[in-house]
Amino acid sequence: MVSVNYDITSYLPKKAKSTISLDVMKEEFEDSIPNTRMMVENVSITKAIEYKNTLKSIEGVSDVIWLDDIIDLKQPIEYADRDLVEQYYKDDAALYNFVIRDGDEVEIIEKIKEALGEDNAYAGSAVESAFMQKLTGSETTKAMFILVPIILLILLVSTDSWLEPLLFLITIGGSVMINMGTGIIFGEVSYITNAVSPILQLAVSLDYAIFLLHSFSDYRKETDDLNEAMLRAVKRSIPAIAASALTTLFGFLALTFMKFRIGPDLGINLAKGVLLSFLSVIVVLPSLTLVLSKALDKTRHKPLLPSFSKFSKFLSKLKIPVFILIILITVPVFLAQSNSKFVYGPSDLGKGTKVAWDKEKIEDRFGASTPIVLLTPRGEVSEKAKLQDMTADLEKIEHVTQVVSYSSMVGSTIPDEYLDSEITKTFYSENYSRTIVYADTPSEGDIAFSVVEKVQETAAGYYGDAYYSLGSSVNLLDMKNIVSEDNNLVNLIAIAAIFLVIMITYRSLSIPVLLVLTIETAIWINLAIPYFYDSSLNFLGYLVVNTVQLGATVDYAILFTDHYVGNRKVLAKKQALSKTYTDTLRSILVSASILASASFSLALVSTNSIVSELGLLLGRGTIFSLFMVMLFLPALLTIFDGFISKTTMNANFLHKSKYLIKGDSRK
């Protein structure tokens, strides 16, 4: 019952210019901005008019514009302006612009296809919205079908019982379902949240269940009383699981400080999911485990993963060369990721599908067409003349192919009272005149945004600040300006919150610096790759990964550091590091494998570029974080060992004076 919002621009702030403009237009005009283009091939002029009339008769379709609205077709078409004609009719193909009612895109497009045939080509934001509505839910299901077997395989080889993985999936899977259902509190979620949240929640919170059951297994060796063993396991696990959950939680909550409201939508749902997973592991998993303890015992098997002791020694030898390498590349990758090129909306939507082919087919014949709507105040005696002058100036802007206004469609000399109300209501409301500017650009990019700015400058020249502008390009330009401001704020909040959690947990000033530096460097490397490949990066993916990668993978650094600090109380640096590798390598590899698999599953199945790129970035980022924790962090811990000891309360590291005894193995 939770509705899904497929319009990403609707998450712009309420005070954004494009949002205010849209509200004004909804109040003043019955009709919306043209959001669909349909091309019908192999039709005569007469047949094309019949198609138009059929299209207009379909409920939910409005403002159908074709050639007969622009020129008088009673006159020979050969005498008309060829460039104008070819915007609507070219090589026996007719192109219609019209509005499909918001919220019913799938149903209305199906009606159009039933009435006019399946072979026509369709493009526009309404078509893209319908495509996403059909696929987002099914793609999440496909991702789960890929992910769950992979997770089961990873858990089967990393646990000691064939039944344990099933308990994990029931516990966390239940909390995922509860999280999705409690979305009803907010009424709706974005399609990005709907696609990403369940999979990320599953991936980042399985660790909590693994940790609890490992503790339970340890305490069962100390007591035969199952209830007592579970009680001890829960007591021991809560602080560690809570610390892990808190860092992830704060990483997600940082997204709620974005002005672009897709951040709060995603952040709240992910944070709610982490909290529900934590509660589920503490409450549900112990009950399930005790009820099924006999079945767990019967399905025990020998550990399938090796101890990694030899691999640990190999990694230990690499730490200094890797440390030097990372120090050398840190500044270049930081600068590279700071200079990435961005896109702000979904690009390459439905690549390889009919939606993409239709769009390409229409643009090959008629070119791209992006509408920009201007609302200008009316009421002055000279308003029609001013509107006519503005229309003429708008037509001179490079990449503007057509300007549809009262003066261009009807003329400024014909009094309003002599015209059909259907014509006047398209262009005039009580307070505003409406002008639609068509540009042969995609909806975003430097050229598209430049056209928007020139259109706005032209309108401002005639009406000052009293005009409104809207359209997909206008929305995306607003988005660009807003999310650019969000970036630094969100990152700073995430880093500060996680820094504080680690500082309080370890009562240390140095450990938070080393841990955050480790994961931040992994993030910089991850986000620098598109720069070196000279490819664009979706800004939403960039912004989300900045916080999600930090919140989700800093746990690996915390686990490794926790064991190192504990081992240093009784062992020298070298031995402490070796034992830390042995203690943690399996857990970190399992956790990273699950998160990377979840992320790459999203990237693999999603036809939406934002979701797909987010999956790719997070999957790749997880691997970089794993690499940094396994190789760079150990070097930091050993190089700054003395500094950590001095800046951490009750560190009690074992020093040389304590073990320089002949024959002491800890030397």
Side-chain angles (χ1 to χ4, degrees), residues 203-205 207-208 210-211 239-252 254 274 312 315-316 318-319 322-323 326-327 330 491 494-526 545-568 573 576-577 579-596 618 620-641 643-644 647-648 651:
V204 301
S205 55
D207 291 351
Y208 314 157
I210 293 170
F211 193 89
I241 296 173
S244 176
L246 275 175
T247 55
T248 309
L249 185 76
F250 283 127
F252 293 158
V274 168
S312 299
L315 290 177
S316 187
L318 290 177
K319 68 180 186 296
V322 168
F323 176 78
I326 296 301
I327 293 300
T330 296
N491 286 344
I495 290 169
I498 290 170
F499 186 96
L500 283 172
V501 170
I502 298 170
M503 185 175 72
I504 293 166
T505 302
Y506 290 100
R507 290 178 292 179
S508 170
L509 293 174
S510 54
I511 288 176
V513 175
L514 300 181
L515 268 56
V516 170
L517 176 64
T518 298
I519 304 302
E520 277 296 315
T521 307
I523 292 170
W524 297 338
I525 296 170
N526 184 25
V545 164
N546 253 320
T547 53
V548 172
Q549 185 181 336
L550 176 61
T553 65
V554 74
D555 294 348
Y556 314 157
I558 290 172
L559 178 63
F560 192 92
T561 304
D562 188 58
H563 279 263
Y564 178 80
V565 170
N567 290 330
R568 274 296 280 121
K573 279 196 296 186
L577 184 62
K579 189 173 189 309
T580 300
Y581 269 123
T582 304
D583 292 344
T584 63
L585 194 54
R586 186 176 77 164
S587 297
I588 293 173
L589 282 173
V590 168
S591 180
S593 298
I594 290 171
L595 181 55
L618 189 54
R620 193 171 65 202
T622 302
I623 293 171
F624 283 128
S625 291
L626 173 66
F627 174 85
M628 293 292 289
V629 169
M630 289 291 96
L631 295 170
F632 183 66
L633 181 60
L636 288 177
L637 292 174
T638 51
I639 290 169
F640 294 100
D641 182 88
F643 185 62
I644 294 170
T647 56
T648 303

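Without hydrogens or angle criteria, Asn567 side chain to His563 main chain gives a donor-acceptor distance under 3.5 Å. Checking side-chain atoms of Ser591 against main-chain N and O of Ile588 turns up no donor-acceptor pair under 3.5 Å. Tyr581 contributes a side-chain N or O that, together with a main-chain N or O of Met630, makes up a donor-acceptor pair within less than 3.5 Å. Judged purely by atom type and a 3.5 angstrom limit, Tyr506 uses its side chain to pair as donor or acceptor with the backbone of Ile558.
Side-chain contact of Asp641 with Tyr564: a donor-acceptor pair under 3.5 Å is present, judged by distance alone. Looking only at atom types and distance, the side chain of Thr247 has a donor-acceptor partner in the side chain of Asp555 under 3.5 Å away. Using modelled atom types and a 3.5 Å distance limit, the side chains of Gln549 and Thr622 yield no donor-acceptor pair.
Between Thr584 and Thr580, the shortest heavy-atom distance links the atoms OG1-O, 2.7 Å. The minimum heavy-atom distance between Thr648 and Ser510, with the atom names listed, is OG1-OG, 4.0 Å. For Ser508 against Met503, the heavy-atom pair with the smallest separation is O-CG, 3.1 Å. Of all the heavy atoms in Ala203 and Leu595, the pair that sits closest is CB-CD1, 3.7 Å. Of all non-hydrogen atoms in Lys319 and Ala635, the two that sit nearest each other are O-CB, 3.7 Å. Heavy-atom minimum distance, Ser244 versus Tyr208: OG-CE2, 3.6 Å.
Considering CD1 of Ile644 and CG of Leu637, their distance stands at 5.0 Å, rounded to 0.5 Å. Atom CG of Leu636 and atom CG of Leu517 lie 6.0 Å apart (nearest 0.5 Å). Rounded to the nearest 0.5 Å, atoms CZ (Phe627) and CD1 (Ile326) are 5.0 Å apart. Atoms OG and CD1, from Ser625 and Ile523 in turn, are 6.5 Å apart once rounded to the nearest 0.5 Å. Here the CD1-CG distance, from Ile495 to Leu550, works out to 6.5 Å after rounding to the nearest 0.5 Å. Once rounded to the nearest 0.5 Å, the distance linking OG1 of Thr330 with CD1 of Ile327 reads 5.0 Å.
Ring planes of Phe632 and Phe323: parallel class, angle under 30° (limits at 30 and 60°).
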- Evaluation steps, side-chain contact (heavy atoms from CB on, under 4.5 Å), between Phe499 and Val513: CA-CA 7 Å; Phe499 186 96; Val513 175; 3.6 Å; yes

- Task: Evaluate the criterion side-chain contact (heavy atoms from CB on, under 4.5 Å) for residue pair Val501 and Leu249; output intermediate values, then yes/no.
- Result: CA-CA 11 Å; Val501 170; Leu249 185 76; over 6 Å; no

- Query: Hey, mind stepping through Leu626 and Thr553 against side-chain contact (heavy atoms from CB on, under 4.5 Å) and telling me if it holds?
  - Reply: CA-CA 8 Å; Leu626 173 66; Thr553 65; over 6 Å; no

- Query: So Phe640 and Thr647, side-chain contact (heavy atoms from CB on, under 4.5 Å) or not? Walk me through it.
  - Reply: CA-CA 11 Å; Phe640 294 100; Thr647 56; over 6 Å; no

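A 6.0 Å sphere centred on NZ of Lys579 holds no more than 12 heavy atoms belonging to other residues, nucleotides or ligands.
Counting only heavy atoms from C-beta outward, the side chains of Phe252 and Val548 approach each other to under 4.5 Å. Residues Ile511 and Val565 are in side-chain contact: their nearest non-hydrogen atoms beyond the backbone lie under 4.5 Å apart. Residues Leu509 and Phe643 fail the side-chain proximity criterion, which asks for heavy atoms closer than 4.5 Å.
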